[in-house]
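Just below is one structure, and these are the notes that go with it.
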Amino acid sequence: MRNVTEETLTDAVLETISKDADPRFREIMSGLIKHLHAFALETNMTKEEWLGAIEFLYQTGKKTTRNRNEFILLSDTLGLSSMVDMISSRGDDDATAVSVLGPFYIENAPFIKNGGDLIADNAGQQTLVKGCVSSTDGTPIPNALLDVWQNAENGKYSNEDPDQDDNNLRARLNAADDGSYSFSTIRPTPYTVPEDGPAGVMLDAMGRHPWRPAHIHFKISADGYQDLITEIYPDDDEYIDADAVFGVRDSLAVSFKQTTSEDTVAQHGLNTPFLTVEYDFRLRPV
Ligand code: BEZ
Ligand code: FE
């Protein structure tokens, strides 16, 4: 391997991977090496640019903690997270589309009853969210567990804002025997992804904005079905076609309709007019 050239280097590195290595690991490392080399060649990468990239990754590592993973934010803003989401749900056209988990999920949110309330003291447009959880063939799934979280009117999640209770606008609830669920909340607000680290520097250098359209996050699980992690978005949000992390799918953009139903007001204690969102989730059997 003395006569390494631009033309022979890629194969020389590929040949160093042991034939006994795990086959999937071999496949992934080979792809990575080929693409990295092709990328350097295609862009005529300079030594300074290569060092700049190393420094950028170093800063990304320095910014990362257990609660704030800057690598995931980089993956999100480069569209890699959404690409992997779509690859992993290929051939799943009858299931609800998946969307990014994001960094603000907290496990073990308190349980509310089906039909219960997340509004509490929150200001904002009162909203009733309701629908059904079913299998991809349309069979309702009894008692599916919905884990819901969203931001407050100021754009912040409870774990970013010391003025909110830890579990503000977070809850778990079980759907009914016929798969139906509902809860009252406020209309979520568009917000910016964290900009105070390398991902923010990158967005700025690319001339990109950091905004996400408003959304409500869901993690839905039921025995015998794959967990569904997704979000629903008000379809009239100003950032619906410009999500900084590419999480929006057509099928996840929904209408938050003005409503005045007296029955619902009585049942859920909402102010009129309030908004209603109807959304049915379809889970893929394991
Ligand atoms: C979120 O929706 O919470 C989120 C997703 C990706 C990056 C930052 C935030
Ligand atoms: Fe979010």
Side-chain angles (χ1 to χ4, degrees), residues 59-61 63-89 96-109 118 122 124-125 127 129 146-161 164 166-172 183 185-204 206 208-220 227-249 251-254 256 277 279 281:
Q59 293 299 341
T60 303
K63 192 76 190 171
T64 295
T65 63
R66 277 276 157 220
N67 299 327
R68 159 80 189 267
N69 194 323
E70 192 73 2
F71 286 105
I72 294 187
L73 188 57
L74 264 189
S75 162
D76 293 343
T77 48
L78 289 171
L80 180 61
S81 311
S82 283
M83 186 63 87
V84 173
D85 278 346
M86 288 187 280
I87 292 169
S88 63
S89 46
T96 300
V98 300
S99 188
V100 281
L101 174 72
F104 301 118
Y105 174 63
I106 302 178
E107 286 181 353
N108 301 323
L118 270 76
N122 286 279
Q125 273 186 289
T127 303
V129 184
L146 294 98
D147 201 333
V148 183
W149 68 106
Q150 66 164 82
N151 65 0
E153 203 189 33
N154 66 2
K156 302 255 182 249
Y157 286 83
S158 63
N159 45 350
E160 300 178 283
D161 182 359
Q164 292 181 44
D166 289 351
N167 286 312
N168 191 37
L169 294 166
R170 299 174 186 275
R172 285 181 291 170
F183 60 90
T185 184
I186 54 160
R187 181 179 163 129
T189 313
Y191 63 93
T192 57
V193 300
E195 294 172 88
D196 58 342
V201 172
M202 179 192 75
L203 289 178
D204 197 42
M206 290 169 98
R208 281 174 53 181
H209 72 75
W211 287 89
R212 291 216 68 204
H215 51 269
I216 304 177
H217 291 271
F218 291 86
K219 182 170 187 280
I220 304 180
D227 284 1
L228 169 68
I229 293 172
T230 195
E231 300 165 59
I232 59 171
Y233 303 83
D235 60 3
D236 56 353
D237 189 283
E238 64 178 305
Y239 295 103
I240 194 78
D241 291 315
D243 183 3
V245 304
F246 309 96
V248 182
R249 313 282 173 266
S251 57
L252 300 174
V254 291
F256 280 52
V277 186
Y279 200 80
F281 295 97

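In this chain, residues are counted from 1 in sequence order. For the numbers below, each heavy atom of this structure counts, side chains included, while hydrogens, waters and symmetry mates do not. Whatever order the structure lists ligands and atoms in, that order sets their numbers, starting from 1.
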**Request:** Scan side-chain atoms only and decide if Tyr233 and Ser99 contain a donor-acceptor pair under the 3.5 Å cut-off.
**Result:** yes
**Request:** For residues 66-78, pull every pair meeting salt bridge (Lys or Arg N to Asp or Glu O under 4.0 Å), keeping only residues two or more places apart or in separate chains.
**Result:** Arg68-Glu70, Arg68-Asp196
**Message:** Quick one, Arg208 and Thr77 - any side-chain contact, counting heavy atoms below 4.5 Å?
**Reply:** yes
Rounded at 0.5 Å granularity, tell me how far [atom1] in [X] sits from [atom2] in [Y].
| X | Y | atom1 | atom2 | result |
| --- | --- | --- | --- | --- |
| Asn122 | Thr185 | CG | OG1 | 7.5 Å |
| Phe218 | Thr230 | CZ | OG1 | 8.5 Å |
| Leu252 | Ile216 | CG | CD1 | 12.0 Å |

One pair per line, please: each N/O atom of ligand 1 matched with every protein N/O atom under 3.5 Å away, atom names first, then the distance to 0.1 Å.
residue	atom	partner	partner atom	Å
ligand 1	2 (O)	Tyr191	OH	2.6
ligand 1	2 (O)	Arg212	NH1	2.6
ligand 1	2 (O)	His215	NE2	3.0
ligand 1	2 (O)	His217	NE2	3.0
ligand 1	3 (O)	Tyr191	OH	2.6
ligand 1	3 (O)	His217	NE2	3.2

**Prompt:** Checking side chain to side chain contact (heavy atoms under 4.5 Å, CB included) for the pair Phe104/Asn151: CA distance, chi angles, key distance, verdict?
**Reply:** CA-CA 9 Å; Phe104 301 118; Asn151 65 0; over 6 Å; no
**Atoms of protein origin (N, O or S) under 2.8 Å from the Fe ion (ligand 2)** = Tyr157 OH, Tyr191 OH, His215 NE2, His217 NE2
**Item:** Single hit among Tyr191, Tyr105, Trp149 for side-chain hydrogen bond (donor to acceptor under 3.5 Å, both in side chains) with Tyr157
**Value:** Tyr191
**Request:** Taking side chain to side chain donor-acceptor pair (under 3.5 Å) as the test, write out the residues that go with Arg172, two or more places apart.
**Result:** none
